[in-house]
Amino acid sequence: MKNSFLCALFVFAAGLFASLPLCVGWLSFLSFFALIPYLLLLFSQLLAQERRSLAFYYRQGMLFFLGFLIGVFHFFVAMYPMEFAGDFTTPVAVFVVAFAWLGLSFLYALVYALLILALGALSRLAAVRRFPLLLPFLFAAGFSVVEYLQTLTWAGTPWGVYALTLADRALLVAPASLLGAHFISFLLVLFNALLALCILRFWKSRDRRRFLRAVSAVLLFFVLWCGVGGILTLTRQKPNETVRVAILQGNISSRDKWTLGSNSIQIFRRLALDAAKEGATVMLWPETAIPSVLSEHSYYLDDLFDIAEETNAIQIIGAFREGVDGDGNDAEYNSLFVIYPDRTVKDVTYDKRHLVPFGEFVPFAHLIETLVPPMAELMTRDPVTAGSDEPTVFHEDCGSFGGLICFDSIYGELARATVKGGAEVLLLATNDSWFLESAALRQHHAQAQLRAVETGRYVVRCGVTGISSVIDTRGQTVKTLPDNTCGYLVADVPLCGDTTPFVYVGNLFVGLSALFLLSPAMYELTLYFLTKRRNQYAS
């Protein structure tokens, strides 16, 4: 790898390869090995006698994670020609897709690359030089920290969480109930890193016995991981009480729902009446199933009252709400309403807490409109306002239901707060129709699976065009509707009251990981002061 261009190309390609388990469902098994090619190069550089500049490590980190994130966010390509957002010309549609795809990848790579910069700095310290085994643990800990950083601020989009690759593997994802999804990412990345170090040490020493012992230790780590997952799965308590919930998937695309008007109500009416025949007592509609403000003067309200009365079931419906924000200004919210069979509306709504940039609001609006006008034109309607940080739980006679809307589900802290607020079931209304058939559809669903494991709650997920499903507390999809079909499903959903350790401690593990990253520096400082004191006594 003496040729710098070939080395850079390898690093970028290694990042793309590392993203494959997230992008292609049947390649998810690769997540146990996908980081190894890059880690072999990185660890060999970190352990070499030749010191490289910190700028070198940051540039390399940028290249690797740029490749990784370009792979993760490749689903933006499937959104072309942006028909759901309006009538864009071909050049403008190409620009918007490229700007979102490559711009977001570059922005987040700036943060992820700090991990490689930190490892470059830590590798110079005595602790890492003396104990090379620290490197895999430092890399895995740092990976979980930068993953968590992607959940912060309005710009945070934790789409590339490595734990998503294990969402369908109940045993391996079960420890998320202890310390969260970032803990699963840590375990998975650590497995990669330990194998990479084993291979690297064997390559240098050619000692087969030592190599086999090291690999056996890594496999033992994997067995213990599975064992803990098995214990957590087997000891999980099964609640006795259930509520019969229906999911109504109208299959009305993002663009069509603005033009169908009252016809969309008739689609949901037919689905609701059929679901009522199967005894559903609670019915969940998708995000913004009603594409307008729902109020006492709403055009749709009488029809919704009729549906609730005819089905004798509680209707939980996505629509817009008018109100005031924290500053007393008029505002509009993306909300969930509860409508009862007695033709009344609950006086409490759930308002979406984490909005989609450029989808529901334009950050730095004046600047964006001036510099990148096409990005400001992505808004299909007026901006909405984020709801209160406080969770909303609908406490009904048949159970307590916590609301989540679309983007909310990719943030573990939002689901955690909702369960702490008393939710026995999580109801997730979403609109993924603009993802079409891309990997993002599956990735977003996998986020809901992680939330179910973390919180120990069933997640009832209703999509405009899919994926609509019922997810159990192991993260397994127990019932689902085919994508891009109009239909409904009815399921008896258990009411869970137990609290997982993650609900109590939150992302404590991420904080511990950050402290662990400081441990080599603490070791260095301790050695320095001990040596200084020893010299003072000697003199």
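K352 places no side-chain N or O within donor-acceptor distance of the main-chain N or O of G387, the cut-off being under 3.5 Å. Using a distance-only test at 3.5 Å, with no hydrogens or angles considered, a donor-acceptor pair links the side chain of R457 to the main chain of A423. At distances below 3.5 Å, at least one donor-acceptor pair connects side-chain atoms of Q249 with backbone N or O atoms of P482. For the pair D325 (side chain) and G328 (backbone), a donor-acceptor distance under 3.5 Å is present.
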Just do the side chain to side chain contact (heavy atoms under 4.5 Å, CB included) check on E241 and E424 with the steps written out, would you? CA-CA 10 Å; E241 293 186 70; E424 297 172 305; over 6 Å; no
Take Y162 and S31 through the side chain to side chain contact (heavy atoms under 4.5 Å, CB included) test and state the conclusion after the steps. CA-CA 8 Å; Y162 228 51; S31 61; 4.1 Å; yes
Worked check of side chain to side chain contact (heavy atoms under 4.5 Å, CB included) between I267 and R270: CA-CA 5 Å; I267 293 172; R270 290 195 299 271; 3.6 Å; yes
Begin from the C-alpha positions of V345 and Y340 and carry the test side chain to side chain contact (heavy atoms under 4.5 Å, CB included) through to its verdict. CA-CA 6 Å; V345 182; Y340 297 105; over 6 Å; no
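By the 4.5 Å heavy-atom criterion applied to side chains, I70 and L102 are counted as neighbours. Side-chain atoms of S28 and D168, non-hydrogen and from C-beta on, never get closer than 4.5 Å to each other. Between L104 and L69, every side-chain heavy-atom pair lies at or beyond the 4.5 Å cut-off. A heavy-atom distance below 4.5 Å is found between the side chains of R461 and H445. A heavy-atom distance below 4.5 Å is not found between the side chains of F320 and S335. Annotation: side chain of V243 is in contact with side chain of L495 (closest heavy-atom distance under 4.5 Å). Side-chain contact between L428 and V460 is absent, with no heavy atoms from C-beta onward closer than 4.5 Å. Contact annotation: the side chain of I314 never approaches that of I339 to less than 4.5 Å [non-hydrogen atoms, C-beta and beyond].
Tested against S292 for a side chain to side chain contact (heavy atoms under 4.5 Å, CB included), the candidates L294, T288, I290 yield a single pass: I290. Exactly one residue among Q449, Q443, R451, H444 makes a side-chain hydrogen bond (donor to acceptor under 3.5 Å, both in side chains) with Q447. That residue is R451.
Crowding of N329 atom CG: a count of heavy atoms from other residues, nucleotides or ligands under 6.0 Å exceeding 12. Within a 6.0 Å sphere centred on CD of E278, heavy atoms belonging to other residues, nucleotides or ligands number more than 12. Within a 6.0 Å sphere centred on CZ of F29, heavy atoms belonging to other residues, nucleotides or ligands number more than 12. Counting heavy atoms of neighbouring residues, nucleotides and ligands inside a 6.0 Å radius, atom CG of D342 exceeds 12 of them.
Ring geometry for F76 versus F73: interplanar angle of 30 to 60°, hence tilted. Classified by interplanar angle (parallel below 30°, tilted 30° to 60°, perpendicular above 60°), the ring pair F186/F509 is perpendicular.
Judged by distance alone, the side chains of E147 and T151 never bring a donor and an acceptor atom under 3.5 Å apart. Using modelled atom types and a 3.5 Å distance limit, the side chains of Y350 and D408 yield a donor-acceptor pair. Between the side chains of Y333 and T349, not a single donor N or O lies within less than 3.5 Å of an accepting N or O. Side-chain contact, R321 with T385: no donor N or O sits under 3.5 Å from an acceptor N or O. No hydrogens or angles considered: nothing links the side chains of S177 and R236 as a donor-acceptor pair under 3.5 Å. For the residue pair D303 and Q266, no side-chain donor N or O sits within less than 3.5 Å of a side-chain acceptor on the partner.
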For residues 17-25, dump all side-chain donor-acceptor pairs below 3.5 Å to protein atoms at least two apart in sequence or in another chain.
| residue | atom | partner | partner atom | Å |
| --- | --- | --- | --- | --- |
| S19 | OG | L16 | O | 2.6 |

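W101 has its ring centre no less than 6.0 Å from the ring centre of F75.
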